[in-house]
Amino acid sequence: QVQLVESGGGLVQAGYSLRLSCAVSGRTFRRYAMGWFRQAPGKEREFVAAIDLSGGRANYADSVKGRFTISRDDAKNTGYLQMNSLEPEDTAVYYCAAAVSVTARTWATEYSYWGQGTQVTVSS
């Protein structure tokens with residue numbers, strides 16, 4: 001089975017940047033589309049960004065568009081989420097996920113495999 005492990009979370013001040021990484025093992029990463037979701041305390045898990053199997057197209061939630069960039073490196077079996085201009089509202093546990101799909105997916109139910117999450121905290 002596929003396993004995913006997130007890293008790169010931490011505590012930063014508003015306006016600064018973080019890059020999250022998602023290491024994938026167990027299967028060939030290039031066979032999956034991948035995405036990032038986040039969940040804050042007391043809130044539902046929400047879509048953040050997704051990228052297709054080839055890495056050629058990506059989709060973003062309106063709340064992060066223009067600030068976050070999703071990418072993938074199949075040779076390293078790793079996905080990334082570059083987060084710039086962070087805001088306190090971005091504070092959440094961030095999860096990476098893999099979907100058996102050629103195209104990018106924006107619904108959590110479309111993903112088959114999930115990481116355990118990494119905490120991102122943005123102070124004002």
Side-chain angles (χ1 to χ4, degrees):
Q1 61 180 357
V2 175
Q3 292 185 317
L4 300 87
V5 180
E6 302 95 336
S7 62
L11 172 64
V12 297
Q13 292 183 325
Y16 285 76
S17 300
L18 284 174
R19 188 179 76 160
L20 305 183
S21 297
C22 177
V24 181
S25 63
R27 295 290 188 275
T28 303
F29 185 43
R30 66 174 63 90
R31 295 181 179 179
Y32 301 91
M34 65 92 64
W36 289 90
F37 293 77
R38 66 187 183 186
Q39 187 167 23
K43 299 183 66 176
E44 296 181 348
R45 187 169 300 187
E46 65 176 348
F47 168 75
V48 176
I51 192 166
D52 67 8
L53 185 150
S54 70
R57 297 191 65 182
N59 297 103
Y60 298 92
D62 289 341
S63 60
V64 306
K65 192 171 298 181
R67 299 188 298 120
F68 291 12
T69 302
I70 187 172
S71 62
R72 62 190 295 160
D73 187 339
D74 290 344
K76 296 182 178 180
N77 292 326
T78 303
Y80 303 95
L81 183 68
Q82 178 67 43
M83 305 185 295
N84 298 329
S85 301
L86 283 163
E87 305 168 351
E89 292 74 20
D90 296 317
T91 295
V93 176
Y94 283 71
Y95 300 88
C96 64
V100 183
S101 175
V102 173
T103 57
R105 302 294 184 179
T106 59
W107 290 62
T109 54
E110 297 175 308
Y111 288 83
S112 299
Y113 306 101
W114 294 82
Q116 294 300 304
T118 185
Q119 177 71 47
V120 172
T121 303
V122 184
S123 63
S124 59

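No experiment lies behind these values; they were computed from the predicted model shown.
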_Qualifying side-chain hydrogen bond (donor to acceptor under 3.5 Å, both in side chains) pairs, either residue in residues 115-124, two or more places apart_ = Q119-T121
*Measure the spacing between OG of S21 and CG of D73 and express it to the nearest 0.5 Å.*
10.5 Å
_How close do T103 and S101 get, counting heavy atoms only, and between which atoms?_
O-OG, 2.8 Å
*Is the shortest heavy-atom distance from the side chain of L53 to the side chain of Y32 under 4.5 Å?*
no
*Determine, stepwise, if the pair W114 / R45 fulfils side-chain contact (heavy atoms from CB on, under 4.5 Å).*
CA-CA 13 Å; W114 294 82; R45 187 169 300 187; 3.5 Å; yes
_Set of ring-ring contact (aromatic ring centres under 6.0 Å, His included) partners for Y95, sequence neighbours left out_ = none
*So which heavy atom on L86 is nearest to which on M83, and how close?*
CD2-CB, 3.8 Å
*Looking at side-chain heavy atoms only, is the closest gap between W36 and C22 below 4.5 Å?*
yes
Distance-only check: which donor-acceptor pairs under 3.5 Å involve side-chain atoms of residues 7-19, not counting sequence neighbours?
| unit_1 | atom_1 | unit_2 | atom_2 | d |
| --- | --- | --- | --- | --- |
| S17 | OG | N84 | OD1 | 2.9 |

_For a 4.5 angstrom cut-off between non-hydrogen side-chain atoms, does M34 reach I70?_
yes
*Give a yes or no on whether the backbone of V122 and the side-chain of T91 come within a donor-acceptor separation of less than 3.5 Å.*
yes
*Pairing residues for E46 by the side-chain hydrogen bond (donor to acceptor under 3.5 Å, both in side chains) criterion, not counting sequence neighbours*: R38
*asked:* Filter on side-chain hydrogen bond (donor to acceptor under 3.5 Å, both in side chains), then keep only pairs touching residues 52-61, sequence neighbours left out; what's left?
replied: D52-S54
*What about I51 and F68, same hydrophobic cluster or not, with Ile/Leu/Val/Met/Phe/Trp/Tyr joined at side-chain heavy-atom distances under 4.5 Å?*
yes
*For L81 against A49, the heavy-atom pair lying closest together*: CD1-CB, 4.2 Å
*Look at the side chain of E6 and the backbone N and O of G117, then say whether any donor-acceptor pair between them is shorter than 3.5 Å.*
yes
*Find the distance between OG (S85) and CZ (R67) and round it off to the nearest 0.5 Å.*
7.0 Å
_Single hit among L4, V5, D74 for side chain to side chain contact (heavy atoms under 4.5 Å, CB included) with V24_ = L4
*Nearest-0.5 Å distance, SG of residue C96 to CZ of residue R72*: 11.5 Å
*Applying ring-ring contact (aromatic ring centres under 6.0 Å, His included), name anything that partners F47, two or more places apart in sequence or on another chain.*
F37
*Do the side chains of Y113 and V48 join up, straight or via other hydrophobic residues, at under 4.5 Å, putting them in one cluster?*
yes
*Looking only at heavy atoms, which two atoms of Y111 and W107 are closest? And how far apart?*
CD1-O, 3.3 Å
